[in-house]
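Worksheet: the structure to be examined is printed underneath.
Per chain, numbering begins at 1; letters A, B, ... match sequence-line order. Every value quoted in this text rests on a predicted model; they were computed, and no experiment measured them.
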Amino acid sequence: MRRILVTSALPYANGHIHLGHLVEYIQTDIWVRFQRLQGNRAIYVCADDTHGTAIMIRAASEGRTEEDLIAEMSKSHQEDFSGFDIEFDHYGSTNSEANKETCNEIWKSLNEAGMVIEKEIEQLYDTEKGLFLADRMVRGTCPFCKALDQPGDNCSKCGETYSPKDLIDPISKLSETVPETRTAKHLFVHIEKLHEFLDEWTQSGTLPPESSNYLKNYFLNEKLKDWDISRPSPYFGFEIPDSPGNYWYVWFDAPIGYIASTKEWCNRENENIDDWWKNDQTEIHHFIGKDIQYFHTLFWPAMLKTSPYSLPTKIHIHGFLTVDGEKMAKSKGTFIRAATYLKHLNPSALRYYYASRLSSKVEDIDLNLEDFANKVNADLVGKVINLASRTAKFVSDSGLSEKYPDDGGLFESAAKEGNKIAADYEAGNYSHAMRRILEIADKANPFVEQNAPWELRKDPEKSKELQDVCTIALNIFRQLVIYLSPVLPSLSKKTEELFGEPIQSWDQSLSPLTGIKLNKFKHMMNRVDPKNIESMTEESKEEATKELASTHVEAKSSNWNDSGSPLEEEPLSEEISFDDFMKPDLRVARIVEAKEVPEARKLIQLTLSLGGDERRNVFAGIKSAYEPEELVGRLVVMVANLAPRKMKFGISEGMVIASGPGGKEVYLVSPDEGALPGQRIH
RNA sequence: UGCGGGGUAGAGCAGUUCGGUAGCUCGUCAGGCUCAUAACCUGGAGGUCGUAGGUUCAAAUCCUACCCCCGCAUCCA
């Protein structure tokens, strides 16, 4: 019997659980249930991730304490999880005594190993709010390209990265005041010291190969940067014991929450934490998304390495969720909260669909809503459950045959298949497992067809034969449910009720049930109705609009009913004076030539005429939306006094004006009929 | 340009480890059945397996080169 500790990443207390989160928790829950079915001892712990500036600011803006906020979110998260049959042995919080204690302990080990160093860094400080500003809390003018209103870490216009203190005219997003530069002492973990260990550990098979490669080529091929682990007061988190006024950065105490949550479980269950976190016979499995692999594959092992706790046995990394092939988008109603889903659809359907898409690879999975309904209905209702619903009532009086009849090897070959299915589950290749399981169902349905129990029923002399056929179909059904039970605990429960026999072990798939009475067959699962999918996305859209209305000053009602999402995605910039407006010199220009730039992915090279002999060479990032030929001759609006900019393919002497999010959606602005090249726009 | 993933029927995908009749689901066409939640069963049409070359008796699978798509990084807007 293996002893296995399993975790999922800790969801942040600043937001609700949505379908993207659920990929991970469903994936993990399936794995845990599978391990238990195999007879292994597996416990599943998780917790809310509660610290950081975002929580602090939100609590303040809602006029309540952080504790109040995180308590409410924890309750909401747990309700969502349980609604999807995701069962934790313990669900804790990073804001707990156990976590504080464990942080201290790990901190001590890091210090003793000489891993902690102190550096002075300059940071922007909001004098009105009295706090240091995180990069994203500042906006200002880009020091490189002079673009206005850029975030504190990198410029969305020129893409340069910089430190917020380099911004020209920085403004605090919190108070709208001008922050000042102050120096502060920060503590860093010098993980370069463990470079060699990390080189080895990341290649040791603990990670999926895609991730090992990524780390090797991207982080581990140069010196590892010191990790800034402290944040100055005020900060919602734990104060660092030997550095008053400084707090641990949320990413320090978050993974430690795995240990702390286990400790709490141990206290409750009278278990010994050392058996779980300090014993090399215990396997530790983390399930995470690819967005946080950096923390779990470099910092976390480094922290553990110097501590008395065990390193993880395996890190399972999944990709992101897309809906209908695109990123989840509030405006399209595909940003779906767990709670919203549950109002309209059956959690088992989503569990099965995710299972049928998940593999051990680090790849994004797509929730194609049409395919989702199709697959769940065809596979689960039409094939698997159908086996029982079309035969159970024929044996409601007689029960199952005393002796398992000759089925031509159906049951036995399906029992043999069990090993392969189990191997697929173990490796995280759920999609393979689902495929194999459905293949069995695909053999069983023709069997029923050929033996036509509805015909046998008509002839009293064939009652034994009828009972045999149904015994076979129902046993194969039960076998399928055993294989599916990690994915579909609720189907498993209903099957237990039908047979009056609990499903507790994988090996139950090896021997058929005989000679028992069945309970009355009840519907086991409803079909997914596309109407419910639609009402779910509709409601998600409405939620998003409401949210928008409450965060933006006023949502003007209009007859045109335009969506609010473009504004949401790119909020209005700060107010400017008339003089500011007069700075950009916008001119009508005619495109006199348009050329492909073969090596460029996004650019078209334009020659613009401002009338007379005035010509400008401009590179415009509109290749994905326009063909050069269709551009020649048309009028556009250009920024004529923009400083020339050297680009990879030449010098660009201005910009043409366009709207749209990019890609195929780029819309050049044209003047109305009659405008002349060279005219200024005022 | 770098790293990773991908290109197989109208759509979505499996098969590639270890070469041997190209398969599944949906859709579509024809038929069957009426036990089952408009379900299920049988059969058909639909594929130059991204391109070119190579190895081999035999290539979707192995080798070489190239093209295209997606993500991340970079460049750029």
Side-chain angles (χ1 to χ4, degrees), chain A residues 145 147 155-161 208-219 221 290-291 293-294 319-320 322 324-327 356-357 359 361-366 368 370-383 385-395 429 431-432 434-436 438-439 441-458 466 469-470 473 477 521-529 597 599-604 618-625 642 645-650 652 655-658 660-663 666:
Chain A
C145 72
C155 175
S156 66
K157 290 279 180 295
C158 70
E160 287 284 352
T161 55
E210 300 95 315
S211 297
S212 305
N213 286 339
Y214 170 71
L215 292 169
K216 190 169 153 189
N217 295 319
Y218 191 60
F219 289 108
N221 64 350
K290 65 181 182 184
D291 50 329
Q293 48 180 318
Y294 174 71
F320 298 143
T322 54
D324 285 341
E326 293 177 20
K327 270 189 196 168
S356 76
R357 288 272 172 164
S359 74
K361 290 186 190 163
V362 186
E363 60 190 3
D364 293 353
I365 73 166
D366 185 42
N368 180 298
E370 193 187 324
D371 189 44
F372 164 70
N374 258 332
K375 200 162 178 59
V376 170
N377 293 347
D379 289 1
L380 292 184
V381 184
K383 299 222 161 96
I385 296 175
N386 193 223
L387 273 175
S389 64
R390 68 195 305 204
T391 53
K393 75 172 184 192
F394 296 139
V395 288
N429 284 322
S431 60
H432 267 91
M434 296 308 110
R435 186 170 283 272
R436 288 187 201 276
L438 260 289
E439 270 169 26
D442 275 335
K443 280 183 206 145
N445 272 306
F447 170 85
V448 175
E449 200 74 18
Q450 279 151 26
N451 289 282
W454 52 94
E455 291 294 336
L456 298 173
R457 170 183 67 152
K458 292 175 188 162
L466 173 66
V469 169
C470 295
F477 165 73
F521 180 83
K522 293 183 219 151
H523 271 207
M524 291 189 168
M525 191 173 172
N526 285 325
R527 306 184 146 263
V528 173
D529 185 342
V597 185
E599 315 92 282
R601 220 175 54 223
K602 297 181 178 176
L603 298 180
I604 290 182
V618 169
F619 290 96
I622 55 174
K623 190 175 183 174
S624 50
L642 192 66
R645 184 167 171 79
K646 190 167 178 298
M647 295 167 61
K648 197 168 167 183
F649 313 102
S652 187
M655 272 174 72
V656 293
I657 296 188
V666 173

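Under the Watson-Crick or G-U wobble criterion, with both distances below 3.5 Å, B:rC62 is paired with B:rG54. The nucleotide B:rU1 finds its pairing partner in B:rA73, both defining distances of the Watson-Crick or G-U wobble pair being shorter than 3.5 Å.
Rounding to the nearest 0.5 Å gives a distance of 9.5 Å between NZ of A:Lys290 and OG of A:Ser211.
Taking atom C1' on both nucleotides, B:rG54 is separated from B:rG15 by 24 Å, rounded to a whole Å. Spacing between B:rG53 and B:rA58 at atom P, rounded to whole Å, works out to 16 Å. With C1' as the reference atom, B:rC33 and B:rG47 are 32 Å apart, rounded to whole Å. B:rA60 and B:rU16: their C1' atoms are spaced 7 Å apart (whole Å). Look at the P atom in both B:rG20 and B:rA59: the space between them is 11 Å, to the nearest Å. B:rG27 and B:rA65 are spaced 43 Å apart, taking the P atom of each and rounding to whole Å. Here the separation of B:rG12 from B:rC18, taken at their P atoms, is 30 Å to the nearest Å.
Here the side chain of A:Glu455 is nearest to one of B:rU34, B:rA14, B:rC35, namely B:rU34. Side-chain proximity of A:Trp454 to B:rU34, B:rC41, B:rG12: nearest is B:rU34. Among the nucleotides B:rC35, B:rC13, B:rU25, the one closest to the side chain of A:Asp442 is B:rU25. Minimum atom distance to the side chain of A:Arg435 is reached by B:rG23, of the listed B:rC26, B:rC40, B:rG23. Set against B:rU25, B:rC13, B:rC35, the side chain of A:Arg457 has B:rC35 as its closest nucleotide. Considering only side-chain atoms of A:Arg527, the nucleotide from B:rU25, B:rC35, B:rU37 that sits closest is B:rU37. Taking every side-chain heavy atom of A:His432 into account, B:rA14 is the closest of B:rU34, B:rA14, B:rC41. Ranking B:rU37, B:rG6, B:rC41 by closeness to the A:His523 side chain, first place goes to B:rU37.
Contact annotation: A:Arg390 side-chain N/O to B:rU37 OP1/OP2 distance is not under 4.0 Å. Residue A:Lys290 places none of its side-chain N or O atoms closer than 4.0 Å to OP1 or OP2 of B:rG71.
Ion pairing of A:Arg357 with A:Asp366 is absent here, as no side-chain N (NZ or NE/NH1/NH2) approaches a carboxylate O to less than 4.0 Å.
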(request) Could you walk me through whether A:Asp379 and A:Lys375 pass the salt bridge (Lys or Arg N to Asp or Glu O under 4.0 Å) test, one step at a time? (result) CA-CA 6 Å; A:Asp379 289 1; A:Lys375 200 162 178 59; 3.5 Å; yes
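For a distance-only test at 3.5 Å, the side chain of A:Glu449 qualifies as a donor-acceptor partner of the base of B:rG32.
Across all strands, A:Met655 comes closer than 4.0 Å only to sugar-phosphate atoms, never to a base (heavy-atom distances). Using a 4.0 Å heavy-atom cutoff across all strands shown, A:Met434 reaches no nucleic acid atom at all.
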